[in-house]
Asker: 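Next up is a structure, given as structure tokens.
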Amino acid sequence: MILKQKFYQRDTLKVAKELLGCILVRKLSPVKSPQDGVAKGEFNRVKPKIIKAVITETEAYKGKNDLASHASRGRTPRTELMFGEAGRAYIYLIYGMYHCLNIVTEKKDYPAAVLIRGVEIIGSPTSKRKSDFPKLNGPGKVCREMKVDKKLNGWDLTKGEKIWIERGIKISPKDIKKAKRIGVDYAKHCKDYLWRLSLISK
DNA sequence: AGATTGATCCAT
DNA sequence: TGGATCAATCTG
């Protein structure tokens, strides 16, 4: 079952927690030439290609007072999406090289999103590097493997096209680890919030 | 530990 | 318009 806007339009911490165990699905269209996130050599793919992955790690970015959030400096062309409709993709380029995938949460005009930090690929990984799958730790690797880049920025994840999230396995609260978010040392007191949630691997 | 890499944002 | 700053990752 595809997660609808109602799922995303709630408290960000709750969404971040419930996304663990859900299935991130990426559907790639057939292509006749190198384009749209198609790996080198993937010419003339005649059938759609589906990549599925269990979400194993998320981070919450919630409200203007969260100094770790891009939205803490208010509305800008870039952060406008975080103020917009829940269930949209907010994707940005980081360090000039890597993309990060976030899902917008909460009500309109309240800036918040959940960053997808880690997944386990179920379907068909394209990377040749064995270390890159099936477990992917790090938002940059997630996007590389799932062919997510800024072309999908603003995409509606509730439509069930190109990219969406499905309800997955039920997760027990005791299997969820809370920790400080990564790479937000600049965020004063907010850096210590335990807003990084991950599945304890067994 | 250091290099990489470019969009973004704020101060000139 | 410049320049610091990044929700990171890879080497060594």
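Lettering follows sequence order; numbering is per chain, from 1. Just so we're clear, the structure is a prediction, and the values are computed from it rather than from any experiment.
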Asker: Which nucleotide in the set dC10(B), dT9(C), dG6(B) lies at the smallest distance from any side-chain heavy atom of Arg73(A)?
Answerer: dC10(B)
Asker: Consider the side chain of Leu93(A), meaning its heavy atoms from C-beta on, and name the nucleotide among dA7(B), dC9(B), dC6(C) that approaches it most closely.
Answerer: dA7(B)
Asker: If you look at every heavy atom in Ile165(A) and Cys22(A), which pair is closest and at what distance?
Answerer: CG2-CB, 3.7 Å
Asker: Could you point out which residue of Arg26(A), His99(A), Lys52(A) forms a side chain to side chain contact (heavy atoms under 4.5 Å, CB included) with Met146(A)?
Answerer: Arg26(A)
Asker: Can you classify the ring geometry of Tyr193(A) versus Trp195(A) as parallel (below 30°), tilted (30 to 60°) or perpendicular (above 60°)?
Answerer: tilted
Asker: Any Lys/Arg nitrogen of Lys170(A) or Asp175(A) sitting under 4.0 Å from an Asp/Glu carboxylate oxygen of the other?
Answerer: no
Asker: Taking everything shown except Arg10(A) itself, do over 12 heavy atoms lie less than 6.0 Å from its CZ?
Answerer: yes
Asker: In whole Å, I'd like the distance from the OH atom of Tyr95(A) to the P atom of dT8(B).
Answerer: 16 Å
Asker: May I ask you to verify if any side-chain N or O of Arg117(A) is less than 4.0 angstrom from the OP1 or OP2 atom of dA8(C)?
Answerer: yes
Asker: Separation of His99(A) atom NE2 from dA7(B) atom C1', in whole Å?
Answerer: 11 Å
Asker: It should be established whether Arg78(A) places a side-chain nitrogen or oxygen under 4.0 Å from OP1 or OP2 of nucleotide dC6(C).
Answerer: no
Asker: Within this structure, what is the CD1-to-C1' distance between Ile91(A) and dA8(C), rounded to whole angstrom?
Answerer: 16 Å
Asker: Does Asp109(A) have more than 12 heavy atoms from other residues, nucleotides or ligands lying within 6.0 Å of its CG?
Answerer: yes
Asker: dG6(B) C1' sits how many Å from Asp149(A) CG, rounded?
Answerer: 15 Å
Asker: Hey, are Glu161(A) and Lys27(A) close enough for a salt bridge, meaning a charged N less than 4.0 Å from a carboxylate O?
Answerer: no
Asker: By the 4.0 Å heavy-atom rule, please label Thr76(A) as base, sugar-phosphate, or nothing.
Answerer: sugar-phosphate
Asker: So, does Lys150(A) get its side chain near the phosphate of dT8(B), meaning an N or O under 4.0 Å from OP1 or OP2?
Answerer: yes
Asker: Atom NE2 of His70(A) to atom C1' of dC9(B): distance rounded to whole Å?
Answerer: 11 Å
Asker: For DNA chain B, which ranges pair as stems of 3 or more consecutive Watson-Crick or G-U pairs, with both donor-acceptor distances under 3.5 Å?
Answerer: B:1-4 with C:8-11, B:6-11 with C:1-6
Asker: Looking at every strand, decide which applies to Lys191(A) at a 4.0 Å heavy-atom threshold: base, sugar-phosphate, or nothing.
Answerer: nothing
Asker: Check every strand shown and say whether Arg181(A) touches a base, only sugar-phosphate, or nothing at a heavy-atom separation below 4.0 Å.
Answerer: nothing
Asker: Could you give the OH-to-C1' distance, from Tyr98(A) to dC6(C), as a whole number of Å?
Answerer: 14 Å
Asker: Could you check how far CE of Met97(A) sits from C1' of dT11(C), rounded to whole Å?
Answerer: 12 Å
Asker: I need the CZ-C1' distance between Arg144(A) and dC10(C), as an integer number of Å.
Answerer: 9 Å
